[in-house]
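Notes to accompany the following structure.
Remember, it's a predicted structure, so these values are computed and weren't measured experimentally. Remember, it's 1-based here, ligands and their atoms both numbered in the order they're listed. Residue numbers start at 1 and run along the sequence shown.
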Amino acid sequence: MGRQVKIFDTTLRDGEQAPGCSMNLNEKLEVARRLELLRVDVIEAGFAVSSPGDFESVSAIAEKIRNCTVASLARCVEKDIDTAYDALKKAVSPRIHVFIATSPLHMEYKLRMSPEQVIENAAQSVKYARRLCSDIEFSAEDASRSDPEFLVRVIDAAVKNGASVINIPDTVGYATPHEMRELIEFLRNRVPDSDRVEFSVHCHNDLGMATANSLAGVAGGAVQIECSVNGLGERAGNAPLEEVVMAIKTRPELYDAAINIDTANIYKASKLVYNIIGRTAPINKPIVGPNAFAHEAGIHQHGVLANRSTYEIMTPESIGINKGHMVLGKHSGRHAFETRLTELGFELSSADLDICFAKFKELSDKKKDITDKDIEALANNIQPPESEDDYTLVNFSVQSGNFTTAIAVITLRRGDEVTQEVTLGDGPVDASYKAIDKIINPPAHSFDTYIIHSVSEGKDSLGEVLITLRYADRIFNGKGLSTDIIEASILSYINAQNKLMAYKNTHQSQELQESE
Ligand code: KIV
Ligand code: ZN
């Protein structure tokens, strides 16, 4: 392999800042841990100055992650850089990622700065950051719509002042692959001492070209790709990690590049991220979508049976999909269960293992064959109450039919307090949600999505319900898993309401403190 191409993952920054993709601290830590197992080179953990929550999650990830560089974004402003540095203090390998816009449009209308001021600001900020941290990445926001000659001057200033990585974003997904390759080649040729720094690309997917543009950047000499799991990111998202990685792995003769990623963890990372944001992969999504390895047409099936390469350019196993592997049942013990979890790439704490094993036992009473998909769903759905204030389901009973009004009786526990409510509703889910609302008494919020799908095949399959609620311009996701879809719906709603209430309570107490 000729060179090493690094994978810089921005799921927790560009991805998490996209509408509907916000995550709480525990969820971010879970994703970061999964990214570490995936062996990404850099985790962009957040934009530390943007909120106390972001600061807290960058700090926590910096402390926990030992095998990746952890980066925080910062504008070319001293306060941003100081805050990023503070948040990254405990990282084994910290990186401050400073950025400033360089296109005429952004400089005039967003920054209200002259080109000379932008160069000066970039130079001073990189210098300031470099005094705090040895690894500085500089991004020229909206680079693909910037004057290339001007870019040479800004980047020269960043390099002279100590940046070691120069990132070229196609911020609005405007570039074509040909342009992206030419731009990287041009900058590598024209920026003085360009061989002392690493060039990186950060492509958005507005015209569906983020993967192609990232790969074209690599062909032009970039050695870092910024991407995100499932392509989450602003608007149409960033280049999907799974696509750029599998493209390089599948066509080694084209890219002649080595990457560190353990591709067998791709599917799990994708599942986890979708699960956390309360979505599922679109049916035709490359690499991780339900149809990515499905061969329906007879002629295709025939070809694949004769030789898999006829219609498969990569195997499901290479991204960690274990097709329908049947493993455990009613008589399987804890040891066998734990071994299978480890084989599937899960590392659970002993408390989580207890919860998961209890769920497995419950499931094996209801379902004869427990597949890997069931085990993965159980492991991805462990939800120990996060605080004393969280509600948990004690029991429920629902009656409904097409000639009666649905009625739900729901009992929830919160700490030592057990509360029961009975309500009527338009169907069993509506009645249950109304009863839960009566107990929790949440603030006015809207219901964004309700997704129900079966985890594996068969009538006795586990059903998973993913919902999203909107409150105070934020999205709160909930997930629930059960062989009973009403129970899965209830669990999912309680999960989302716990997050919403936790957010409301912390924000109310912060506002109170501020007003005192
Ligand atoms: O899209 C973009 O330009 C960015 C930068 C901050 C790197 O996300
Ligand atoms: Zn971006």
Side-chain angles (χ1 to χ4, degrees), residues 6-19 21-22 40-51 54 58 69-77 80-81 83-84 95-107 109-111 113 118 121-122 125-126 129 135-146 150-151 154-155 158 163-175 179-180 183-184 187 197-211 213-214 217 222 224-241 243-244:
K6 292 184 183 157
I7 296 296
F8 174 116
D9 182 276
T10 187
T11 311
L12 295 170
R13 200 277 297 167
D14 215 319
E16 205 266 343
Q17 81 192 39
C21 300
S22 51
V40 305
D41 298 279
V42 185
I43 296 176
E44 187 165 46
F47 187 179
V49 81
S50 67
S51 70
D54 252 52
V58 176
T69 293
V70 178
S72 172
L73 188 66
R75 287 167 300 183
C76 282
V77 172
D80 281 35
I81 298 168
T83 312
R95 172 180 294 182
I96 300 179
H97 176 192
V98 290
F99 77 101
I100 192 162
T102 53
S103 65
L105 211 61
H106 279 233
M107 288 191 289
Y109 294 102
K110 188 180 86 175
L111 298 176
M113 283 166 89
V118 166
N121 204 240
S125 301
V126 170
D135 185 353
I136 303 300
E137 172 168 334
F138 172 76
S139 281
E141 191 189 7
D142 208 14
S144 55
R145 293 193 299 168
S146 304
F150 178 64
L151 273 183
V154 185
I155 293 170
S164 39
V165 180
I166 298 297
N167 183 40
I168 305 300
D170 179 26
T171 303
V172 289
Y174 180 75
E179 286 169 340
M180 205 64 199
L183 181 59
I184 302 294
L187 294 172
V197 294
E198 293 178 348
F199 276 83
S200 162
V201 284
H202 174 113
C203 301
H204 279 269
N205 206 24
D206 299 65
L207 291 171
M209 290 193 279
T211 300
N213 283 341
S214 306
Q224 175 177 282
I225 302 178
E226 301 200 355
C227 50
S228 60
V229 175
N230 302 330
L232 298 192
E234 286 283 6
R235 304 177 311 281
N238 288 79
L241 178 148
E243 292 182 20
V244 293

Under 4.0 Å to a heavy atom of [X] - the qualifying atoms of ligand 1, by number:
| X | answer |
| --- | --- |
| Asp14 | 8 (O) |
| Glu141 | 3 (O) |
| Pro169 | 2 (C), 3 (O) |

Identified side chain to side chain contact (heavy atoms under 4.5 Å, CB included) partner of Phe47 from the options Asp80, Asp14, Thr83, Val58:
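For Phe47, the side chain to side chain contact (heavy atoms under 4.5 Å, CB included) test succeeds with only one of Asp80, Asp14, Thr83, Val58, which is Asp80.
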Asn167-Ser139 side chain donor-acceptor pair, cut-off 3.5 Å
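Yes, because at least one side-chain N or O of Asn167 sits under 3.5 Å from a partner of the opposite role on Ser139.
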Step through the shown structure and confirm whether more than 12 heavy atoms of other residues, nucleotides or ligands are within 6.0 Å of OH on Tyr174.
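12 or below, so no.
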Count up the protein N, O or S atoms sitting under 2.8 Å from the Zn ion (ligand 2), would you?
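My tally for this metal is 3.
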His204 to ligand 1: N or O pair under 3.5 Å?
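Yes; the residue has a nitrogen or oxygen that sits under 3.5 Å from a nitrogen or oxygen of the ligand.
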Can an N or O of Asp142 be found at a distance shorter than 3.5 Å from an N or O of ligand 1?
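It does not: no N or O of Asp142 is found under 3.5 Å from an N or O of ligand 1.
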Quick one: list whatever passes salt bridge (Lys or Arg N to Asp or Glu O under 4.0 Å) with Arg95, sequence neighbours left out.
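Scan of Arg95 (salt bridge (Lys or Arg N to Asp or Glu O under 4.0 Å), adjacent residues dropped) gives Asp135, Glu137.
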Which residues pass the salt bridge (Lys or Arg N to Asp or Glu O under 4.0 Å) test with Glu234, not counting sequence neighbours?
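None.
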Might you point out which heavy atoms bring Asn238 and Gly233 nearest each other, and give the distance in Å?
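Minimum heavy-atom separation between Asn238 and Gly233: OD1-CA, 3.2 Å.
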Between Lys110 and Glu141, is the closest basic N to carboxylate O distance under 4.0 Å?
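Yes, charged N to carboxylate O under 4.0 Å.
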For Ala158, enumerate each residue passing the side-chain contact (heavy atoms from CB on, under 4.5 Å) test, keeping only those at least two apart in sequence or located in another chain.
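Val126, Phe138, Ala163, Ile166.
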Identify, for [atom], the protein heavy atom at the shortest distance, and state residue, atom and that distance.
| atom | answer |
| --- | --- |
| atom 4 (C) of ligand 1 | His202 NE2, 3.5 Å |
| atom 5 (C) of ligand 1 | Arg13 NH2, 4.0 Å |
| atom 3 (O) of ligand 1 | Thr171 OG1, 2.6 Å |

Just so I know, are the side chains of Asp170 and Val201 near enough to count as touching, which here means a heavy-atom distance under 4.5 Å?
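Result no, sub-4.5 Å side-chain heavy-atom pair not found.
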Answer whether the closest heavy-atom distance between the side chains of Leu183 and Leu151 falls below 4.5 Å.
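The answer is yes, as the side chains (C-beta and beyond) meet within the 4.5 Å cut-off.
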